[in-house]
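Quick caveat, the model's predicted, so the values are computed rather than measured.
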Amino acid sequence: MTELNRLDLYNQMVRIRQYEARILQEYHADKTPAWDIGAGLIPGEMHLSAGQEPAAVGVCAHLKNGDAITAPHRPHHFALAHGVDMQAMTAEIYGRTTGLCQGKGGHMHLFDPVNHFSCSGIIAQGYPVACGQALAFKRKGTDHVAVAVAGEGAANQGAFHEALNLAALWNLPVVFVIEDNDWAISVPRSHSTAITSNADRAVGYGIPGVRVENNEVEAIFEAAGAAVDRARSGDGPSLLEIHTVRLWGHFEGDAQAYRGAELDTLDERDPIPKYAEALKERGELDDDRIAAVKADADAEVDAAIEFAKASPEPTAEDALEHLFA
Amino acid sequence: MTELNRLDLYNQMVRIRQYEARILQEYHADKTPAWDIGAGLIPGEMHLSAGQEPAAVGVCAHLKNGDAITAPHRPHHFALAHGVDMQAMTAEIYGRTTGLCQGKGGHMHLFDPVNHFSCSGIIAQGYPVACGQALAFKRKGTDHVAVAVAGEGAANQGAFHEALNLAALWNLPVVFVIEDNDWAISVPRSHSTAITSNADRAVGYGIPGVRVENNEVEAIFEAAGAAVDRARSGDGPSLLEIHTVRLWGHFEGDAQAYRGAELDTLDERDPIPKYAEALKERGELDDDRIAAVKADADAEVDAAIEFAKASPEPTAEDALEHLFA
Amino acid sequence: MTTTETPVRRITTAKAMAEGIGLEMRRDPNVFVMGEDVGAYGGIFGSTTDLFAEFGAERVIDTPISETGFIGAGIGAAVEGLRPVVELMFIDFYGVCMDQITNHMAKIHYESGGSVKVPMVLMAAVGGGYSDAAQHSQCLWGTFAHLPGIKVVVPSNPYDAKGLMISAIRDDNPVLYLFHKGGQGLVWMEKNPRSIAEVPEDSYTVPIGEAAVAREGSDVTIVTLSLSVHHSLDVAEQLEDEGISVEVIDLRSLVPLDVDTVLASVAKTGRVLVVDEDYRSFGLTGEIAAIIAEQDPTMLQAPFRRLAVPDVPIPYARPLEQGILPTREKIAASVRDLMA
Amino acid sequence: MTTTETPVRRITTAKAMAEGIGLEMRRDPNVFVMGEDVGAYGGIFGSTTDLFAEFGAERVIDTPISETGFIGAGIGAAVEGLRPVVELMFIDFYGVCMDQITNHMAKIHYESGGSVKVPMVLMAAVGGGYSDAAQHSQCLWGTFAHLPGIKVVVPSNPYDAKGLMISAIRDDNPVLYLFHKGGQGLVWMEKNPRSIAEVPEDSYTVPIGEAAVAREGSDVTIVTLSLSVHHSLDVAEQLEDEGISVEVIDLRSLVPLDVDTVLASVAKTGRVLVVDEDYRSFGLTGEIAAIIAEQDPTMLQAPFRRLAVPDVPIPYARPLEQGILPTREKIAASVRDLMA
Ligand SMILES: Cc1ncc(C[n+]2csc(CCOP(=O)(O)OP(=O)(O)O)c2C)c(N)n1
Ligand SMILES: Cc1ncc(C[n+]2csc(CCOP(=O)(O)OP(=O)(O)O)c2C)c(N)n1
Ligand SMILES: [Mg+2]
Ligand SMILES: [Mg+2]
């Protein structure tokens, strides 16, 4: 990997973080005094990915136009890293007619056919759908790949098993990504999963399984590169588990009492400052550049939020549209 | 294992085979000339287990009163080997009021609470139920075990995955049995399963996985003994795949064209004459004894069929009973 | 429906389904078939007869017993522009894959604000009457018609089976295609004369959302579908001798539902019996009552009647199952009551 | 329902549910709780608040995200004599475990000819109104009421929530217990005054299968349930000033359905509006129409009216969602139409 790669990875991570930090702010801004999940300009559940940016940018760095991603309920980092338009995505989160889904989908149901990006709020159900996209890519004779993303909690859902067997059996160009952030809402990995590495489950399908520890974006980049190349060159699916960290609550409003003392360790586990340090030590980044990257990201985010807020809201009548094509 | 064990295994296999050979005959007897699956004294689907007796008797030899079995759509061999009353079971298959389920269940839905035996026609769905029975046994402080049985085709169903993870996670006394008869109706194992041995899938749950080849009842007896002992002594679940053979059609009426030349090999793969030979060589069995075992089995089967045929049929009104307790 | 000049021959419903799929596969390379035993076996209930021989394993794909996996894969393939025809062997197995069907196949187009299409056919066998018991005998069309985003068609005869299959495959929306095992014309099931009929050899469509007046009558309207259409027509013929004129409406589609045809018939006869092989409560029979009562309860010269499975699982033994199915005897008795 | 002498205090519906479970857990060691985040977290919607602290991880068990696995395990445990209370976090997730629910939990007792009992409670959160979109906002009670073998209860207030929970746990049959997120009295959702009410501290039951006349009236009957009861009562109060007397029937149970209470009210008022947060077609609203039309269509002095989700998935944006939910405004408008 080149210095350019590294800076891209860094820039993307910062871009995603600045975006979600701003969404966090906007989300809470108008829900008080009596905090109400349904109130404000951004209502409903909000699952943010702070801390998990390395997974998204490390994987998506290897994708090209036409490659597909199915993401779970926590989709923003993969959406942005995969090139989903920030303004249209933000407008969707604000429920506006200019949104990706004209306000019908919301943050757990972002659909961007241009970038072959979709997500679903039902655990692990994006895994089989990605297999079908990969099947289509293969039948059409393209070299496109489909990436299926889910959390470690999702790896105990039946759909995970069926999808991996199907992809292996049919030699489909799929990369199955598990983001292990140690938690499924309040349930720790040790209370949900009988083994310590889901990479071991790849054995049950005869495909490669790799677990990347420490949430390091460069290691993720390397492992993902191998998996994507394998899929693209027709050698079939792989399973990639990335041990990452959920810096914030499961959803906004989650008090996280169940995390106890672990909460105090989160700041030092933030992968972005860590990576900035590493790049500085390598002499590839300095404070000016750090500030500039942040400023660029903030400018893009500002524009997206502005666009969303300025966009029209749908009407009640619009709700009756799009049941059938 | 003792000579007594071996003769028991043989007797049980013969008993099951004579039973199903007779059911086969009775099932087809009154469906012609224009063969109709819904006609005759035994209507509906009929999945017989000829060839798979070694799995049932090898496993059930280690079970005691109070141990549970959840069987799939092909349940007779496990039911009989586990001590389900042949007359009540037969009466159920004939749809009589004296049947295990008073005629409501039929051959895919045999429920015998006395022997903690049940089956289901939905693939792999007995696996989670067995986990719950094992959970109850554990909570009650008993040393009972639950045996979950399914075919190799079922090992690609999500319920399989969820049940194995749950049993391993909670250290439940379950033995998961897969009968690999090479076929799921017309779909060969190679078209359904990405790997050659489902025992390898045990790795994904951190439990022991064993595959027994060649359909040999003594090898099955040994492997099952280890798995049952492990569960009984509180060491948790295991996965046992038994490579067996389906001598007859998937269900009665299955022409089996898809099996081609394999059909000619079936006679010599019949495990019962094979085992008789082995025992004869060991001097533990002779032709008189073989004839006697068969005669005893036939007598029991005759009595069961007679009982069933002599039992009353339910009435239309009975159909409205037992919706709720 | 488009008519045709070519000579007709008599084929079974199963053959008609397969013929419809085959015609579309020749016409559109994006059409392919997936499911358990749809290959060399030809579908447990004959829905893919001979397709494997013509199109091969690349386009007629046997799957593992992973309904969530392969229905989900069908959705992904459809999203990318293919047109999968996916078989769920028995509708009774919906429970292992219902999330893909109702949270994904049904909702993606709407959730996406119309930007994503899911042109896919999900076909499944329904119905009882041959002692297959509680887990292999259900109809469940009411369950699917209740959940928005899926068109639901339920042909009752060979002609409609072919025409609705072609319409379903060409439709840009997910279509659930439910066929009754007893109406397939299978040699190994009870022979039902109306399961073999004249079907044009070339391609034609039957529009989704249009009911058919299977028989005209003036005294009573029977609203029904699927195999119960056969029984209702038999009863109508029989009751004619008793001087009762029965109109039989074959709904053919449940989503969209042809409300006008139902209301027109009830307005004419003033008496309605809904015959439904699905469970009675919270289903099709209630929906028909609602569209009548919403329109004008005074249309009904006699109380609304429904004949359906009386909210118990389907029992195994023949006397039990026949006791709860809408048999010809029960249909005739209900009509006579309505006229009394 | 059994009354009680002890002093009462005001608690939320969520607390009332948890209190009902806790009382039964103290009374019967066979009762235990399983589900996602039911432990230390206390249930995402508060249904198991404080139970973990009192009963510990052995009796309040957090599960993996394996609904087929743990609901199936609940069935197995119930078959062996335990009395599991299993939470499915959102009813919207039914699709990943529907087979265990409807082919096993619901059918085993019947299939076994009554020899096996499945005493189990499956509780799940329902409903929308807070922009949780298409996969987290459904009610789906019509779907479950259509499928035989499961009792279905849907309490609308704290008193019924506790009493029906205790009845459900003591029932020897599987009971699906559906609670509306908006009616739980959660501090982080829209505050709904009727979600906090007086509830006796000791144990009592509310019988399954009995509707309640939540408010007496003479002009119009609103048949409804769950959070829509709150809205309907608000509307009834408001319309009283306009001189319209509205009777509100809170069904409380869908299976068994209290047909008599519904018919008695409709016979009295001659006008009925069914308010249902589930999808409109092939569901609850139709069933109510059917029981009226079967009994006597002439009971209706005005056409039957129903207000439900108009057969589209639940959209995200507030104006869209409010546009399809049965809001107070729409309820009031429908009643006025009925009286016009
Ligand atoms: C089938 C299903 N079950 C339960 C839920 C509720 N739920 C939403 S997110 C979540 C936790 C997911 O954990 P994980 O897969 O590790 O992803 P993470 O939230 O940690 O990113 C749960 C249980 C769901 N959405 N779908
Ligand atoms: C969920 C589900 N899918 C499909 C079926 C239809 N079906 C019944 S038996 C069978 C084949 C099962 O194969 P296997 O598990 O190997 O068991 P075997 O019949 O070989 O004993 C299938 C597909 C079913 N009963 N349930
Ligand atoms: Mg996680
Ligand atoms: Mg098999």
Lys138(B) NZ: over 12 foreign heavy atoms closer than 6.0 Å
yes
For [X] versus [Y], what's the shortest heavy-atom pair and its separation?
X	Y	value
Phe324(B)	Val255(D)	CZ-CG1, 4.0 Å
Asn165(B)	Pro64(D)	ND2-CG, 3.9 Å
Glu80(D)	Gln133(B)	OE2-NE2, 2.9 Å
Val129(B)	Gln100(D)	CG2-OE1, 3.7 Å

Counting only non-hydrogen atoms closer than 4.5 Å, does [X] touch chain D with its backbone (N, CA, C, O), its side chain (CB onward), both, or neither?
X	value
Phe137(B)	side chain
Leu166(B)	side chain
Ala124(B)	neither
Leu169(B)	side chain

Examine whether an atom of His109(D) lies under 4.5 Å from a heavy atom of chain B, and if so say whether it belongs to the side chain, the backbone or both; otherwise answer neither.
both
Under a 4.5 Å heavy-atom cut-off, does chain B meet the side chain of Lys151(D), its backbone, both or neither?
both
Of all of [options], which one pairs up most often with chain D through heavy atoms under 4.5 Å apart?
options	result
Gly99(B), Ser120(B), Gly103(B), Ala134(B)	Ser120(B)
Gly121(B), Ala159(B), Ala136(B)	Ala136(B)
Glu162(B), His109(B), Glu321(B)	Glu162(B)
Glu92(B), Gln102(B), Arg139(B)	Arg139(B)
Cys131(B), Ser118(B), Ala325(B)	Ala325(B)

Looking at [atom1] of [X] and [atom2] of [Y], how far apart are the two atoms once the value is rounded to the nearest 0.5 Å?
X	Y	atom1	atom2	answer
Phe32(D)	Leu135(B)	CZ	CG	5.0 Å
Thr70(B)	His104(D)	OG1	NE2	9.0 Å
Leu100(B)	Ser115(D)	CG	OG	7.5 Å

So do [Y] and [X] actually touch side chain to side chain, heavy atoms under 4.5 Å?
X	Y	result
Tyr127(B)	Thr68(D)	no
Phe111(B)	Val79(D)	no
Trp170(B)	Ile61(D)	yes

Between [options], who has the most heavy-atom pairs with chain B when the cutoff is under 4.5 Å?
options	answer
Gly114(D), Ser112(D), Ala77(D)	Ser112(D)
Val116(D), Asn103(D), Asp99(D)	Asp99(D)
Ile108(D), Ile75(D), Thr63(D)	Ile108(D)

Applying side chain to side chain donor-acceptor pair (under 3.5 Å) to Glu111(D) and His322(B), what does each step give before you reach the verdict?
CA-CA 8 Å; Glu111(D) 287 176 322; His322(B) 303 131; over 6 Å; no
